[in-house]
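Residue numbers begin at 1 in each chain, while the letters A, B, ... track the order of the sequences.
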2 protein chains.
Amino acid sequence: MLKETPTPECLDFTKACPSRLLFDQIGDKWSMMVLTVLDSGPMRFNAIKRRLEGVTQKALTQCLRRLERNGLVQRRVIPVSPVAVEYSITPLGRSLQIPFKALYDWMLVHLDEVESARNEFDHRLQG
Amino acid sequence: MLKETPTPECLDFTKACPSRLLFDQIGDKWSMMVLTVLDSGPMRFNAIKRRLEGVTQKALTQCLRRLERNGLVQRRVIPVSPVAVEYSITPLGRSLQIPFKALYDWMLVHLDEVESARNEFDHRLQG
DNA sequence: CCGTATCCGATCCGATACTG
DNA sequence: CAGTATCGGATCGGATACGG
C-alpha cells in the first residue's frame, strides 16, 4: 500500500491535519450544545431533548452516540421500568469546553463585524 | 409573527446560540485549513488548491466565497491576462486563528484519549 | 421512556464540460 | 488561470411507525 509522497510544500491536510479528526466529530449542528447542556449536570434523554428546541429524536440519538464513542459523554442505563438513561459529560468532554468557549467568546465579540461583512458582500452582488 | 415563549429552562439554542452562526460557516471540511494556509501569506487560487490535497475546485471556490462573505478572507483580482486572483487573510480572519489554535492544540493533546475511547466503544459493539 | 427501522425529499459533493 | 454550469450518486435529516 505505497502512498505517493507529497512534495514538501504540499502538506496533506486531508489526512494529516489532526483538527479534521475533531471537527468531523463535533462540528455538527448539536454536539457542542449537547456538551454545554450536560456541563451543568447529568441529564436524561428527553430532558436534553427539551433543552435543544428543534432537535429530532433521531438527530439527538446519533449525536449522543457519537459523543459517547469519542469519550466525551457517558451513557448510563438505569434498569427501572420503563427504562431510564442518564447522560453525563466526561472529564475529557469537560476539558473540551475550554477551547470551545474561546471560540464561543470570539463569536460574541466579532459577531457584529461578521454580520456587517455579510451585508456588504450581499449588497455588492445586487448593486 | 408571534413566537411561542420558551419556558425559562428551555433555552432556544437553535436560534439564540451565537456559536451556531460561526460553526455553520467555518465548521466545514476546508475553511479552517484555508485560513491556516493563508495565515502564512497571500496566495493565488491554484496555489491554495495545491496545498489542500483532495479539495476540488468547486469545493474550494465555495469555501473561499463563504470566507470572503464573512469577512475572514479578502479577494483581489489582478487584471493581467490570463486573470490572476489573490486571496489573503483579513485581520478578522487572523484573530479567529487564536481560538481555533486552542481547539487544534486540544486535539493534539487529547487525540490518543479520543482514539482509545473510539476503539473501546467499537469493540463493545462486537464483543 | 428510550430508543430502532424505514421511507423519502432536500442537500451536498465530486466529476465533467465549458468560458473569458 | 480562475472560475461557472450542470448532472448524478451519496448522504443528511425529518416524519412516521414500531419495539423493549
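Between the CZ atom of A:R66 and the C1' atom of D:dT11 there is a distance of 13 Å, rounded to whole Å. If you take NZ of A:K29 and P of D:dG13, they are 8 Å apart, rounded to a whole angstrom. The separation between A:R76 atom CZ and C:dG3 atom P is 13 Å, rounded to whole Å. Between the CG atom of B:D24 and the P atom of D:dG13 there is a distance of 11 Å, given to the nearest Å. The separation between B:F45 atom CZ and D:dC1 atom P is 11 Å, rounded to whole Å. Between B:K58 atom NZ and C:dT11 atom C1' the separation is 11 Å, expressed in whole Å. Spacing between atom CG of B:L64 and atom P of D:dG3 amounts to 8 Å, rounded to whole angstrom units. One atom, OH of A:Y87, and another, P of C:dC1, lie 14 Å apart when rounded to the nearest Å.
Among the nucleotides C:dC2, D:dC1, D:dA15, the one closest to the side chain of A:T56 is D:dA15.
Applying the 4.0 Å criterion to OP1 and OP2 of C:dC2, one finds that A:R65 has every side-chain N and O outside that range. A close approach under 4.0 Å does occur between a side-chain nitrogen or oxygen of A:R75 and OP1 or OP2 of C:dG3. Residue A:R44 places at least one side-chain N or O under 4.0 Å from the OP1 or OP2 atom of C:dC2.
Atom CD of residue B:Q74 and atom CG of residue B:L92 lie 12.0 Å apart, to the nearest 0.5 angstrom.
Position along DNA chain D of the nearest nucleotide to A:Q62 versus A:V83 favours A:Q62 as the more 5'-ward residue.
Residue A:E120 is tested with A:R124, A:R118, A:H123 for a side-chain contact (heavy atoms from CB on, under 4.5 Å); the sole match is A:R124. For the salt bridge (Lys or Arg N to Asp or Glu O under 4.0 Å) with B:E86, the lone residue among B:R75, B:R44, B:R76 that qualifies is B:R76.
Contact between B:V73 and B:L35 at its shortest, heavy atoms only, is CG2-CD2, 3.8 Å.
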